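For reference, the structure discussed in these notes is given below.
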Amino acid sequence: MKMNKLTVAILIAMLLGIVTGQGYRLLAPAQAAGFADDITLLTDIFLRLIKMIIAPLVFTTLVVGIAKMGDTRTVGRIGVKTLGWFMLASLMSLTLGLVMVHLMQPGVGLSLSLPDDGASSGVVATAISLKDFVTHAIPKSVVEAMATNEILQIVVFSLFFGLAAAALGDDAKPVVKLMASGAEIMLKVTGYVMNFAPFAVFGAIAAMVAKEGLGILATYGTFMAQFYLALGCLWLLLIAMGSLFIRRRILTLLALIREPILLAFSTASSEAAYPKTLDRLEKFGCDKRIASFVLPMGYSFNLDGSMMYCTFAVMFIAQAYGIELSTAQQITMLLLLMVTSKGMAGVPRASLVVIAATLNQFHIPEAGILLLLGIDHFLDMGRSATNVLGNAIAASVVAKSEDSLGETAPLGEVDTAKA
């Protein structure tokens, strides 16, 4: 499958961003920080545009999908399958991070000076209890949930709204039809917004390189290579799991979602790829009702890359400080992260917040996060891309299990909602 124009534009923007950012560091180092602050305006505009369309897109597509499923039994069955897959993928991601960090030992013999135990990382270590998670999931106001882009809360309200619409039957058809039209309009708006993606990618990459410099890749090269190797193993496992259900069509899915994956990678934001991923799943043949149901839930329950990073980072910091965790403690940490990682969605630098809370739980110096702050953006790029892959495979597998995975659209039709 040939790369379309937007994919090519994003790749060119990434290269130009690297050249521009490094050029500022070499030719005008005094202005590099100011340039980085200014050029991020492009990325901020794009991400704000994405946030502008996420809530109405999730609400309309999810309500229509649930209403057209017809009954609570169908919704319940699909919901159980979806959550079952998410729990399996979460456990696999966390366990793989634990295994890989033990095999590669990135924190052992670290050639960096360790921060003092009492140094502040600037990350608030807020532990997320089960009670906090459940109460947070239920919105006090749907208007507030949409205003703050709380995807999980929007999903909960949409679930009730869609089930009620399905129960009313013909009386609710005008509202469901209106919602369906609203979803199509939002997908059209998505097409307009995506035209700005290359500029956002250029701004993000240029600012990152101008501020941090490519030299940081040499300092942390080994650690980053090990982490991306672990991510590569996770990709292989997710693809293998998906192929058990959708067979060779997994290759078609990978070809279709490479653009949203590239977008998530270059902007370090899974959210930025949501509309494009939803569109690609529909082109793949995934029933729109199921894709609209599974994908928004995945953004709260199935952040595979972020979850693997949690165990990898916690054990890396423990190794750096020479702290040994017993097998029982590591199993406890894994189970703890199974719960706390579900509250990551919508929180800036969310993985670091969860990691800080976990470090406190096991009396590992929180200051160790300072070892990761300089390269967290580089790591977040890989995590975000992995999150998109995991959610796309999850939606396809659930659709296949419901015999709702149709034929892939012809290549000429595989593009975004046309502007």
Side-chain angles (χ1 to χ4, degrees), residues 90 93-130 132-133 211-213 215-231 268 303 305-344 347-383:
S90 297
S93 302
L94 291 166
T95 304
L96 180 63
L98 202 58
V99 170
M100 294 300 288
V101 80
H102 275 295
L103 289 176
M104 295 185 290
Q105 300 282 309
V108 176
L110 197 66
S111 58
L112 295 171
S113 57
L114 298 178
D116 294 333
D117 290 4
S120 173
S121 65
V123 179
V124 180
T126 306
I128 305 170
S129 66
L130 180 60
D132 293 335
F133 173 70
K211 189 174 292 184
E212 303 292 346
I216 198 169
L217 298 180
T219 305
Y220 284 92
T222 302
F223 173 77
M224 292 182 62
Q226 290 172 333
F227 175 69
Y228 272 89
L229 175 61
L231 277 183
L303 301 174
S306 299
M307 284 184 285
M308 195 200 76
Y309 179 61
C310 287
T311 48
F312 196 93
V314 169
M315 291 305 298
F316 162 73
I317 294 170
Q319 290 173 0
Y321 282 94
I323 298 172
E324 291 283 343
L325 295 181
S326 67
T327 302
Q329 286 178 311
Q330 292 180 43
I331 293 174
T332 302
M333 177 185 70
L334 191 147
L335 295 175
L336 178 66
L337 286 170
M338 279 287 288
V339 176
T340 58
S341 63
K342 303 308 177 192
M344 285 196 289
V347 181
R349 294 197 298 176
S351 298
L352 294 179
V353 174
V354 174
I355 290 167
T358 307
L359 292 175
N360 281 343
Q361 189 76 22
F362 294 95
H363 307 294
I364 302 170
E366 181 194 324
I369 292 180
L370 293 170
L371 293 171
L372 301 173
L373 285 181
I375 55 168
D376 186 65
H377 188 93
F378 292 94
L379 304 177
D380 202 12
M381 294 166 75
R383 300 196 301 263

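Everything quoted here is computed from the prediction, not taken from an experiment.
Looking at heavy atoms from C-beta onward, Leu371 lies out of side-chain contact with Phe223 at the 4.5 angstrom threshold. Considering only heavy atoms from C-beta on, Met307 stays 4.5 Å or farther from Leu337 through its side chain. The side-chain heavy atoms of Met308 and Phe227, taken from C-beta on, include a pair separated by under 4.5 Å. Side-chain contact between Asp376 and Arg383 is present, with heavy atoms from C-beta onward closer than 4.5 Å. Between Thr311 and Val101, every side-chain heavy-atom pair lies at or beyond the 4.5 Å cut-off.
For the atom pair Glu324 CD and Gln319 CD, the distance stands at 8.5 Å (nearest 0.5 Å). Taking CG of Asp380 as the reference point, atom OG of Ser306 lies at 6.5 Å (rounded to 0.5 Å). To the nearest 0.5 Å, the span separating CD on Gln226 from CG on Leu231 amounts to 12.5 Å. Residue Ser93 holds its OG atom at 10.0 Å from CG of Leu334, rounded to the nearest 0.5 Å. Between Leu325 atom CG and Met315 atom CE the span is 5.0 Å, to the nearest 0.5 Å.
With sequence neighbours excluded, the residues that form a side chain to side chain contact (heavy atoms under 4.5 Å, CB included) with Ala313 are Tyr309, Ile355, Leu372. By the side chain to side chain contact (heavy atoms under 4.5 Å, CB included) test, Thr332 pairs with Phe362, sequence neighbours left out. Residues that satisfy the side chain to side chain contact (heavy atoms under 4.5 Å, CB included) test with Thr327, not counting sequence neighbours, are Ile331. For Gln330, the side chain to side chain donor-acceptor pair (under 3.5 Å) criterion is met by His102, not counting sequence neighbours.
The two residues Phe378 and Met224 have their closest heavy-atom pair at CB-CE, 3.3 Å. Minimum heavy-atom separation, Ala356 to Ile369: CB-CD1, 3.4 Å. Heavy-atom minimum distance, Met104 versus Ala230: CE-CB, 4.3 Å. Shortest non-hydrogen contact noted between Ile364 and Ala318 is CD1-CB, 3.9 Å.
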